[in-house]
Amino acid sequence: ILNVEQSPQSLHVQEGDSTNFTCSFPSSNFYALHWYRWETAKSPEALFVMTLNGDEKKKGRISATLNTKEGYSYLYIKGSQPEDSATYLCAFENNAGNMLTFGGGTRLMVKP
Amino acid sequence: DAGITQSPRHKVTETGTPVTLRCHQTENHRYMYWYRQDPGHGLRLIHYSYGVKDTDKGEVSDGYSVSRSKTEDFLLTLESATSSQTSVYFCATRKDMGEKLFFGSGTQLSVL
């Protein structure tokens, strides 16, 4: 079983705060690192898929970075809004390419 | 949105009965996955398929079997349901390696 860890497990911030979470994954047999956003009572939706060491992706106020050599990725949210409240999942894809192993998620709650 | 349909959306069954969940996709995606979601565990992979009649086990495959006789359909069968299989089951598909997952709406299964 691959070890994909996310921290913190949960996070409460005020509207307007910037925040970040961490995903750690095996540094060997890497193929891609995925980030998903999962709102309550909905299905997970993809934010980013990153494949190269040093990759940076951005979508509006959300961005992500990737370090494959040390096995971690950061997700940043700038100026959090209540609608950003969700669980953020990362998933490790190994170079066999078939499986994606998810971390336990970070639950973000943004207070107005 | 990818056309992924899970059926049934909700099911209540008794211990020891067989149960089959269906995932149907209209996107011609090669890869299909079954995950279960449980509190404290995030999404855990049960089985996956990388083509018609090509399937493999995930991290929590005991008590489950799958079949994929055509590209569009991926069936998950609980041969003899147990209470520990009460969970929310998500199907996901993707086109190829390194591509993002698209998720179905989930099936809430309760085994009494």
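The chains referred to below are lettered A, B, ... by the order of the sequence lines, with proteins before strands, and numbering in each begins at 1. Just so you know, these numbers come straight off a predicted model, no measurement behind them.
Between B/Tyr35 atom OH and A/Thr101 atom OG1 the span is 7.0 Å, to the nearest 0.5 Å.
No part of A/Phe48 comes within reach of chain B, as not one of its non-hydrogen atoms sits under 4.5 angstrom from that chain. Only the side chain of B/Gln37 has a heavy atom closer than 4.5 Å to any heavy atom of chain A. When heavy atoms are compared at a cutoff of 4.5 Å, B/Leu45 approaches chain A solely by way of its side chain, counted from C-beta outward.
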Show your reasoning for whether side chain to side chain contact (heavy atoms under 4.5 Å, CB included) applies to B/Leu43 and A/Tyr36. CA-CA 12 Å; B/Leu43 289 171; A/Tyr36 293 84; over 6 Å; no
Step-by-step side chain to side chain contact (heavy atoms under 4.5 Å, CB included) determination, B/Leu101 to A/Phe102: CA-CA 12 Å; B/Leu101 288 174; A/Phe102 281 85; 3.9 Å; yes
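Residues B/Tyr50 and A/Leu100 fall within the same hydrophobic cluster, defined by Ile, Leu, Val, Met, Phe, Trp and Tyr side chains chained together at heavy-atom separations under 4.5 Å. In the hydrophobic cluster analysis, where Ile, Leu, Val, Met, Phe, Trp and Tyr join through side-chain heavy atoms closer than 4.5 angstrom, B/Leu76 is grouped apart from B/Phe102. Residues A/Leu33 and A/Phe21 are members of one and the same hydrophobic cluster, defined by side-chain heavy-atom contacts under 4.5 angstrom among Ile, Leu, Val, Met, Phe, Trp and Tyr. Placement of A/Tyr72 and A/Phe92 in two distinct hydrophobic clusters is found when ILVMFWY residues are connected by side-chain heavy-atom separations under 4.5 Å, directly or transitively.
A distance-only check finds no donor-acceptor pair linking the side chain of A/Glu93 to the backbone of B/Met97 [under 3.5 Å]. No donor-acceptor pair under 3.5 Å is formed between the side chain of B/Tyr33 and the backbone N or O of A/Met99.
Between A/Ser43 and B/Phe90, the shortest heavy-atom contact is OG-CE2, 3.8 Å.
Atom CZ of B/Arg30 has more than 12 neighbouring heavy atoms from other residues, nucleotides or ligands inside a 6.0 Å radius. In the displayed structure, A/Glu39 atom CD is contacted under 6.0 Å by more than 12 heavy atoms of other residues, nucleotides or ligands. Summarising the local packing, CD of A/Gln81 is surrounded by more than 12 heavy atoms from other residues, nucleotides or ligands at distances under 6.0 Å.
No side-chain heavy atom of A/Leu47 sits under 4.5 Å from any side-chain heavy atom of B/Lys100.
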